[in-house]
Amino acid sequence: MRLTGKGIFGPSSDRAEAIATLCRCLDLEVNLIDTAESYGPHVSEELIAEALFPYPATLVIATKGGLDRPGPDQWVTNGRPERLRAGLDGSLRRLKLERIDLYQLHRIDPAVPEEEQFAFLQSVQREGKVRHIGLSEVSVAQIQRAGKFFEVASVQNRYNLVDREWEPVLDYCDREGIGFIPWFPLQAGDVGREGPGYYPRLVRQFANRNTSIARIAKRYGATPAQIALAWLLRRSAVMLPIPGTSNRRHLEENVAAAGIELSREDVVTLSQKPLADPA
Ligand SMILES: NC(=O)c1ccc[n+]([C@@H]2O[C@H](COP(=O)([O-])OP(=O)(O)OC[C@H]3O[C@@H](n4cnc5c(N)ncnc54)[C@H](OP(=O)(O)O)[C@@H]3O)[C@@H](O)[C@H]2O)c1
């Protein structure tokens, strides 16, 4: 979700729409909402509880810990176990939960031995504060090392139609039956990643009618954003897309993408790199 102010900091500029968007998730039978202590910080978790508590039994709220937020667009990794524990306890309190269904380590902190961070996750699972454990922005080797401490239920790495750097991790998750949660599924706001090999934002390409994605979208009577999501869902059975949005119209569009059955031929076309000329 995108429920905070600019730079994923502070309150939303349209709080009523953020709450209405969350409520609409339930009508549309959305069963996974991804958030984090650091979104706001705290804003996103608080809004989720305000809009949706008591939660339906079918809804999984996945949250994350391990990042400090000194200001807008600033993310500081902090994997010290005492900080992780304070973060988890705060998430439980804000979400009004006794146990978090999916708790993800937002980043492995390179300044803290990873065994300490994994041992923390193992201990809170044993304490019953966390049901399943996930990791974010990790390599196959890191997943395997974490697997010595707990079962890795999910991996949340950056992945979308035009950014497939983490393809080997997706393939590993697919083989091992680990949920793969692609962040930036619509490649929005790719701040700081511009450089050699950088593709223009996928959402910006949506305006260009000469791309293969736009031509395919037209044939399905869909938007290019929907085609990007439908392609993700066709890519792997372990794929769990979490498109971020702050409004009901995009939410409805994104959920409807799950009903688009892309043909094999279109999947092949979309899977070719590069997808399109830069807009
Ligand atoms: N693990 C990590 O390190 C990490 C990092 C970043 C994000 N995440 C997670 O991943 C989720 C998704 O990432 P994200 O929100 O940064 O990027 P995203 O899903 O790729 O893109 C969201 C952007 O696309 C727009 N959008 C959404 N639906 C659209 C549609 N149907 N048509 C056109 N534009 C559309 C949204 O604007 P509107 O608000 O106007 O809809 C928003 O600006 C986040 O909500 C967060 O939970 C995780």
Side-chain angles (χ1 to χ4, degrees), residues 1-9 12-15 17-18 20-22 24-25 28 30 32-41 43-45 47-48 60-67 69 72-77 79 91 102-109 134-138 154-163 165-166 169 179-193 199-208 213-214 217 222-232 239-258 260:
M1 305 299 300
R2 285 210 162 211
L3 306 172
T4 66
K6 271 187 94 146
I8 322 290
F9 204 80
S12 158
S13 59
D14 190 346
R15 195 169 186 281
E17 183 61 25
T21 303
L22 281 163
R24 189 82 181 108
C25 285
L28 297 170
V30 167
L32 171 67
I33 292 180
D34 181 75
T35 185
E37 172 202 8
S38 55
Y39 297 166
V43 170
S44 178
E45 290 182 334
L47 276 177
I48 289 169
V60 169
I61 297 171
T63 194
K64 312 182 207 76
L67 291 179
R69 296 301 312 283
D73 284 323
Q74 292 176 41
W75 308 84
V76 178
T77 308
S91 290
L102 177 61
Y103 193 71
Q104 303 155 97
L105 184 62
H106 216 146
R107 290 289 183 279
I108 295 174
D109 186 347
L135 301 171
S136 178
E137 288 297 277
V138 284
S154 67
V155 166
Q156 185 170 146
N157 281 14
R158 196 189 65 249
Y159 187 81
N160 58 58
L161 198 45
V162 294
D163 181 350
E165 185 183 332
W166 288 115
V169 174
F180 186 88
I181 304 178
W183 65 267
F184 274 176
L186 300 171
Q187 207 204 26
D190 224 351
V191 181
R193 296 201 66 251
Y199 290 92
R201 288 172 54 183
L202 189 50
V203 282
R204 204 187 306 150
Q205 288 190 32
F206 294 172
N208 183 342
I213 189 169
T223 67
Q226 287 179 310
I227 297 299
L229 295 173
W231 176 84
L232 279 175
M239 191 74 80
L240 297 164
I242 48 164
T245 186
S246 53
N247 66 76
R248 282 169 287 180
R249 187 170 63 84
H250 282 163
L251 172 71
E252 286 162 12
E253 215 175 277
N254 295 341
V255 170
I260 298 172

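Just so you know, ligand 1 is whichever comes first in the structure, and atom 1 is the first atom listed for that ligand. Basis for what follows: all heavy atoms, side chains included, without hydrogens, waters or symmetry-related copies.
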Checking heavy atoms under 4.0 Å, the part of S136 that sits near ligand 1 is side chain
Do any N or O atoms from the side chain of N160 and from the backbone of F184 form a donor-acceptor pair under 3.5 angstrom? yes
So for T223 against ligand 1, with non-hydrogen atoms under 4.0 Å, the contacting part is neither
Numbered in order shown, the ligand 1 atoms found under 4.0 Å of a heavy atom of H106 are 1 (N), 2 (C), 3 (O)
Any heavy atom of E137 under 4.0 Å from ligand 1? The part involved is neither
Can you tell me if R107 has a non-hydrogen atom under 4.0 Å from ligand 1?
-> yes
task: Could you walk me through whether K64 and D34 pass salt bridge (Lys or Arg N to Asp or Glu O under 4.0 Å), step by step?
output: CA-CA 8 Å; K64 312 182 207 76; D34 181 75; 2.8 Å; yes
If we number the atoms of ligand 1 from 1 as shown, the ones under 4.0 Å from a heavy atom of E253 are 30 (C), 31 (N), 32 (N)
Under 4.0 Å from one or more heavy atoms of Y39, ligand 1 contributes atoms 4 (C), 7 (C), 8 (N), 9 (C), 46 (C), 47 (O), 48 (C)
Check: of G244, A256, G134, min heavy-atom distance to atom 25 (C) of ligand 1 comes from G244
Short N/O distance, under 3.5 Å, between P243 and ligand 1? no
Heavy-atom gap R158 to ligand 1 smaller than 4.0 Å: no
Side-chain heavy atoms of Q156 within contact of F180, under 4.5 Å: no
Side chain proximity check, L232 to M239, heavy atoms < 4.5 angstrom:
yes
To atom 26 (N) of ligand 1, the nearest of T245, L251, N247, L186 on a heavy-atom basis is L186
Paired with P224, the side chain to side chain contact (heavy atoms under 4.5 Å, CB included) test is passed by just one of I213, L161, L186, namely I213
Give a yes/no verdict on whether any heavy atom in Q156 is under 4.0 Å from an atom of ligand 1. yes
If we number the atoms of ligand 1 from 1 as shown, the ones under 4.0 Å from a heavy atom of A225 are 30 (C), 31 (N), 32 (N)
Under 4.0 Å between heavy atoms, the region of S246 that gets near ligand 1 turns out to be both
So the atoms of ligand 1 within less than 4.0 Å of a heavy atom of D34 turn out to be 9 (C), 46 (C), 47 (O)
By salt bridge (charged side-chain N to carboxylate O under 4.0 Å, His left out), R107 pairs with (sequence neighbours left out) none
task: Could you tell me whether the side chain of E17 and the main chain of D14 form a donor-acceptor pair under 3.5 Å?
output: no
Is N254 reaching over with its side chain to a backbone N or O of H250, donor-acceptor style, under 3.5 angstrom?
yes
Rounding to 0.5 Å, atoms OG (S38) and CD (Q74) come to a distance of 13.0 Å
With sequence neighbours left out, the residues meeting ring pair (Phe, Tyr, Trp, His ring centres under 6.0 Å) with Y103 are none
